[in-house]
Structures are given as structure tokens and as C-alpha cells.
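Please read the structure below before turning to the comments.
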Protein chains: 2
Amino acid sequence: MKDLLRDTGMRWTRQRQLIYDEILRRKGHFSAEVIWKKLTTRHPGMGLSTIYRTLQLLEDKKIIKRIPIAGETTIYECEDGTPHGHHHIFCTECGKTIEMHVDMLDSIEEIVMEKYGFEISGHTVMFNGICPECRARLKSDPGDDEPENNPLP
Amino acid sequence: MKDLLRDTGMRWTRQRQLIYDEILRRKGHFSAEVIWKKLTTRHPGMGLSTIYRTLQLLEDKKIIKRIPIAGETTIYECEDGTPHGHHHIFCTECGKTIEMHVDMLDSIEEIVMEKYGFEISGHTVMFNGICPECRARLKSDPGDDEPENNPLP
DNA sequence: GTATCTGCAAACCATTTGCATAGAT
DNA sequence: ATCTATGCAAATGGTTTGCAGATAC
């Protein structure tokens, strides 16, 4: 990373270091806001725009991947060697996103290209629903429609 | 529609009439902005917020369906009896959205529920790509990355 | 007559941008 | 010394909301 930037005339700064470390520390999915909230407490003055600019940069360098969730929010995930072909389920209760692996989906892109003549450049395959944990919580805690504390992904 | 509203104490206004007619006239997919642009030329003064409020209303009444396209835009489609289980392909060149029917997709929801324990409430299965028409146009008209319609700054 | 709608302007909210300054090389 | 990166504030763009006046019932 450090080298990757330097090779293209870009600079390795304290902020980029912090953001990069924070991302590696999580491993899962994360949002710009969450990264910012975490860092800004320990490092007041950290600008939210720096987070966005750095995430953009990391995306360009293929280190992370931006995943806009239709009508909901935007999350990112690390592009660690994980092979493509995984998709996501987003919990509308707690905001958590988990990956799903359904082989069947992998072949659909080709079918779509053949059948409709599109040159497919990407896809969004995303399910929304309520995760097992939230289902359990809602069952034992009916009436309460809002989750008690809503950590963003 | 008229009756559906009146039965719930809501009013059948000129604006709602116009919007409803315009939607029926199209049959396909449409955006709030497009409806507004069309109506506002013939009926100046028509407020964009009225469009949004009416589309919301029509959605509540299950007359149309809102389809947010991740990271791109939001479109709507009529809820004419078409059974569920059709998905979309969005052309990133011209913004057109077409429906696709791929049987395989229908069964995936169940698989996901079983495998991951989510209570699935919805899904976004959307492919992005370049439609056959735009592919042809781009081929005969290279260099021009933007679609033809280029409004003033 | 009165409660619902409308148009307008202002608010929103996540994200982006302009600019003067700080900082990396 | 140079030129990129940062923080701040202000801009953006699509959508929503508050409000006074207009309109359907």
C-alpha cells in the first residue's frame, strides 16, 4: 500500500495510515461514517472528507470495493483475495451485512448476456431481510420495532 | 384509483389525475424527474414535490413500485398484475431499464432463507451493462462516451 | 366550512468540491 | 522547494418537509 502509492507519486500520510489500519482491523464490511466516528474520537480534527477521499483512493487501487445498497446506504469491503461471486444479505433491523455464497448465481450473468444482448459490466444481487439474531430478539421483545442500539455495519 | 382514494378520505385532484394518466401512458419504467419534466411543460407551476408525494401515495396503494438502483438512481414501475419474480437490467449508457425473466432466480430466495436463516423481505437483483442499442451506437460512434442528450450547464 | 393538497422555499443527508494551509518528498 | 493532502466550509443533488394559501368535498 505504502509502496503502491509512492510508485504513483502519491503520499503516505498519517491519515491514510490510520484509515488503512482501521479498515484492516475490521476485516468485514464498513461505512465511511463508522470509520470516521471511530477515528475522530481518538484523533479529533480528522476530516470526514479525508475519509471519503481515501476510500475513493483505496477503491481505485482495488484495495477495497464500494457496495451501494439500493435505497439504504453504502458500505465497503476489503478486496482481500476472496474470489468474486459472493453476494450480500443486508439486515434491515441492525444494518449488518453478511456475505452469501450461492453457486447458482454465478452462472446467471452469462445467461443474461446471451438472452438480452447486454454487455454486462456489473451486478447488484442483494437480499434484504431480518437476520437470525434480530429475529430472535424481535421474538422475545415484541412491540419494539426499533432495535435498541443500531451499530452501522 | 379515484375510488380507492375517496374510500380512504383522500382527494382526487387535478395534479393526481395528471400524474396518474402520465404513468399509465408510459407503461414502462419512469423516474420522478421525467414525469415532472413532461408535465411541467404543459402545466407550468406543477411542483416537483407534488410528484414525489403522489408517487409515494401510489406506492402505498400498491399501484406502482419503487425500484432504487444501487448507486445510480430511482425508478418506478406499474404494479400491473405482472407476477413477481422479474428483475432488471439497467443500461449505464442511456439509463433505460428493461425487465428480465430468468427462472433460476425465483428459487434463490428460498435457498437463501434456508441456508442463512434470514427472513427475507425483498431483494435487489439488478444487472448493469450496456444495452444492445447503445452497444451498436458506441461501435459506430466511438470516442463519444456520453449519450447524445446533453443538456446545458 | 373545513380538512386535505399544493407550490414554494428551505431543510435534509450523504457525498463532493474549492481553497488556503499543512505536510510529505 | 515543490506539489500533494488535509480540514474546513460551502456546494451538490435527489428527496422530504413546513407552511400559508388553494381546493375538493
Side-chain angles (χ1 to χ4, degrees), chain A residues 1-20 22 29-37 39-61 64 66-76 90 95 150 152-153, chain B residues 1-20 22 29-37 39-61 64 66-76 90 95 151-153:
Chain A
M1 168 72 184
K2 198 188 270 194
D3 298 335
L4 194 61
L5 290 187
R6 288 220 253 253
D7 291 353
T8 41
M10 292 169 152
R11 285 163 188 184
W12 184 242
T13 65
R14 177 158 171 64
Q15 289 86 335
R16 288 180 177 172
Q17 170 94 265
L18 288 167
I19 295 167
Y20 186 57
E22 183 60 30
H29 302 98
F30 51 89
S31 68
E33 207 198 346
V34 158
I35 298 288
W36 179 69
K37 278 191 178 147
L39 290 181
T40 206
T41 56
R42 206 171 306 236
H43 309 273
M46 166 79 83
L48 181 52
S49 41
T50 301
I51 309 283
Y52 279 109
R53 282 189 279 231
T54 303
L55 292 180
Q56 180 102 262
L57 179 68
L58 293 172
E59 195 192 2
D60 293 344
K61 300 292 177 199
I64 61 177
R66 168 196 266 252
I67 306 170
I69 300 180
E72 295 281 354
T73 181
T74 298
I75 59 171
Y76 299 80
F90 176 79
N150 208 344
L152 284 174
Chain B
M1 168 71 188
K2 200 188 271 193
D3 299 336
L4 194 61
L5 290 187
R6 288 219 255 254
D7 292 351
T8 39
M10 292 169 155
R11 285 160 190 189
W12 185 243
T13 64
R14 177 158 171 60
Q15 289 85 337
R16 288 179 178 174
Q17 169 94 265
L18 288 167
I19 295 168
Y20 186 56
E22 183 60 31
H29 301 98
F30 51 89
S31 67
E33 207 198 347
V34 158
I35 298 288
W36 179 70
K37 278 190 179 148
L39 291 181
T40 205
T41 55
R42 207 171 307 239
H43 310 273
M46 166 80 82
L48 182 52
S49 41
T50 301
I51 307 284
Y52 279 109
R53 281 190 278 230
T54 303
L55 292 180
Q56 181 102 260
L57 179 67
L58 293 172
E59 196 192 1
D60 293 344
K61 300 291 176 196
I64 61 176
R66 169 196 264 253
I67 305 169
I69 300 181
E72 294 280 354
T73 181
T74 297
I75 58 171
Y76 299 81
F90 176 80
L152 288 177

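Hydrogens, waters and symmetry mates play no part in the numbers below; they use all other heavy atoms, side chains included. So that the names make sense, note that chain A is the first sequence line, chain B the second, and so on, each numbered from 1.
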May I ask you to say what B/Thr74 touches in the nucleic acid, namely base, sugar-phosphate or nothing, with a heavy-atom cut-off under 4.0 Å? sugar-phosphate
Show each protein N/O and nucleotides 23-25 of chain C N/O combination with a separation under 3.5 Å, one pair to a line.
unit_1	atom_1	unit_2	atom_2	d
C/dG23	N2	A/Arg11	NH1	2.6
C/dA24	N3	A/Arg11	NH1	3.4
C/dT25	OP1	A/Arg6	NH1	2.7

Taking only side-chain N and O atoms of B/Tyr52, does any of them lie within less than 4.0 angstrom of OP1 or OP2 on D/dT15? yes
Starting from C1' on D/dT15, measure out to CD1 on B/Ile67 and report it in whole angstrom. 18 Å
Distance, rounded to the nearest Å, where B/Glu72 contributes CD and D/dG14 contributes C1': 14 Å
Between A/Arg53 and A/Leu48, name the one whose nearest nucleotide on DNA chain C is closer to the 5' end. A/Leu48
Crowded around B/Lys37 NZ? As in, over 12 foreign heavy atoms under 6.0 Å? no
d(CD1, B/Ile51; P, D/dT16) in whole Å: 13 Å
How many whole angstroms separate atom CG of B/Leu39 from atom P of C/dT6? 12 Å
A/Trp36 side chain vs A/Met46 backbone, donor-acceptor pair below 3.5 Å: yes
Between the base of C/dC8 and the side chain of B/Ser49, is one N or O donor paired with an acceptor at under 3.5 angstrom? yes
Quick check for you: to the nearest 0.5 Å, what is the distance between B/His29 atom NE2 and B/Phe90 atom CZ? 11.5 Å
Option from B/Ile64, B/Leu57, B/Leu58 for which side chain to side chain contact (heavy atoms under 4.5 Å, CB included) with B/Lys61 holds: B/Leu57
Return the orientation label for the A/Trp12 and A/Tyr20 ring planes: parallel under 30°, perpendicular over 60°, tilted otherwise. perpendicular
On the nucleotide D/dT15, are OP1 or OP2 found under 4.0 Å from the side-chain N or O atoms that B/Gln56 carries? no
Tell me: CG of A/Leu55 to P of C/dT15, nearest whole Å? 10 Å
Flag, side chain of A/Arg66 to backbone of A/Thr74, donor-acceptor distance under 3.5 Å: no
Rounded to whole Å, how long is the line connecting atom CD1 of B/Ile75 with atom C1' of D/dT15? 17 Å
Can you tell me the distance, in whole Å, between the CG atom of A/Leu57 and the C1' atom of D/dT6? 14 Å
About how many Å separate CD of B/Glu59 and OH of B/Tyr76, when rounded to the nearest 0.5 Å? 6.5 Å
Whole-Å distance separating the CE atom of B/Met46 from the P atom of D/dA22: 18 Å
